[in-house]
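Let me begin by presenting the structure, written as structure tokens, before commenting on it.
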Amino acid sequence: MKKIFAIIIALLLAVFLPSCATASFADSSTCAELGELIEATVNDGQEYIPHDDTHRSLYFDDVEEYDDYFSAYSANTSDISEFGVFHAPNDEAAAELYDEVCDYVSDMQNEQRAFIASYAPDELSKLDAAKVKKFGNYVVYTVLDKDTANAVFKKIEVFLTQNK
């Protein structure tokens with residue numbers, strides 16, 4: 001009886017677990033294309049300036065897990081809005097990259113809090129709401145208000161699942 005029960009459980013798991021698997025995401029968009037999608041989703045009328053290679057070399061130069069990268073920040077000096085997209089060549093690298101980007105966001109939250117509070121205290125909620133999400137081989141981070149960040153992640157998810 002126990003063997004039959006175990007077999008039934010195993011069959012049920014085999015049938016239902018694949019439907020619980022994570023979504024499959026496209027892997028052919030450039031990070032700049034996804035950055036444009038994010039900027040259009042933010043749609044706050046602000047200009048966003050792409051980070052230059054100095055930013056990358058300061059914060060991500062020792063990270064070997066990515067093969068494409070795009071990030072931008074608000075041109076308005078009293079607005080800390082920022083976002084970025086990384087692409088990793090495979091799942092393992094994407095998992096490591098996710099950890100590295102989480103560290104970047106965490107460091108920003110810890111090390112820049114006092115500075116931001118001194119010149120733009122109203123922006124601290126964006127710092128607190130900063131998020132990182134992984135979509136297949138893409139890692140996306142936002143330093144935006146909570147509702148805008150959620151809209152960005154939803155838009156990225158829909159885009160990458162519909163364009164696979």
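For this chain, numbers begin at 1 and follow the sequence in order.
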Check residues 98-107 and write down every donor-acceptor pair under 3.5 Å in which the side-chain atom is one partner and the other belongs to a residue at least two apart or another chain.
residue: Tyr104; atom: OH; partner: His55; partner atom: NE2; Å: 3.0
residue: Tyr104; atom: OH; partner: Glu82; partner atom: OE2; Å: 2.6

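- Taking CD of Glu65 as the start and CG of Asn90 as the end, the distance is 9.5 Å to the nearest 0.5 Å.
- Side chains of Tyr73 and Phe83 form no contact here, defined as non-hydrogen atoms less than 4.5 Å apart.
- The side-chain heavy atoms of Ser71 and Phe60, taken from C-beta on, include no pair separated by under 4.5 Å.
- Contact check for Arg56 versus Tyr66: side-chain heavy atoms found under the 4.5 Å cut-off.
- Note on residues 123-134: pairs passing salt bridge (charged side-chain N to carboxylate O under 4.0 Å, His left out), not counting sequence neighbours, are Asp79-Lys126, Arg113-Asp128, Glu123-Lys126.
- Here the closest non-hydrogen pair linking Ala94 and Val139 is O-CG2, 3.8 Å.
- Side-chain N or O atoms of Asn137 include none that pairs as donor or acceptor with a backbone N or O of His87 at under 3.5 Å.
- Proximity of Val140 to Val132: side-chain heavy atoms (C-beta onward) are nowhere separated by under 4.5 Å.
- When side chains are defined from C-beta on, Phe159 counts as touching Leu34, because their heavy atoms get closer than 4.5 Å.
- With Glu33 contributing its side chain and Thr30 its backbone, the two residues share a donor-acceptor pair below 3.5 Å.
- From Ser29, atom OG reaches atom CD1 of Ile156 across 8.5 Å, with rounding to the nearest 0.5 Å.
- How far CD1 of Ile80 is from CG of Leu127: 5.0 Å, rounded to the nearest 0.5 Å.
- Looking at heavy atoms from C-beta onward, His51 lies in side-chain contact with Tyr69 at the 4.5 angstrom threshold.
- In plain terms, the two heavy atoms of Val143 and Ala130 that are nearest each other are CG2-CB, 4.0 Å.
- Closest heavy-atom contact between Leu124 and Ala117: CD1-CB, 3.8 Å.
- The cluster map of Ile, Leu, Val, Met, Phe, Trp and Tyr, joined by side-chain heavy atoms under 4.5 Å apart, puts Ile49 and Tyr59 in different clusters.
- Distance check, rounded to the nearest 0.5 Å: CG of Asp147 to CG of Asp145 gives 6.0 Å.
- The side-chain heavy atoms of Pro50 and Phe70, taken from C-beta on, include a pair separated by under 4.5 Å.
- Rounding to the nearest 0.5 Å places NZ of Lys155 at 11.5 Å from CD1 of Ile38.
- Atoms CG and OG, from Leu144 and Ser125 in turn, are 10.5 Å apart once rounded to the nearest 0.5 Å.
- Under the 4.5 Å side-chain heavy-atom criterion for Ile, Leu, Val, Met, Phe, Trp and Tyr, Leu97 and Leu58 are members of the same hydrophobic cluster.
- A heavy-atom distance below 4.5 Å is found between the side chains of Tyr138 and Leu160.
- There is no side-chain donor-acceptor pair under 3.5 Å between Ser74 and Asn76.
- A search for side chain to side chain donor-acceptor pair (under 3.5 Å) contacts involving Thr142 returns nothing, not counting sequence neighbours.
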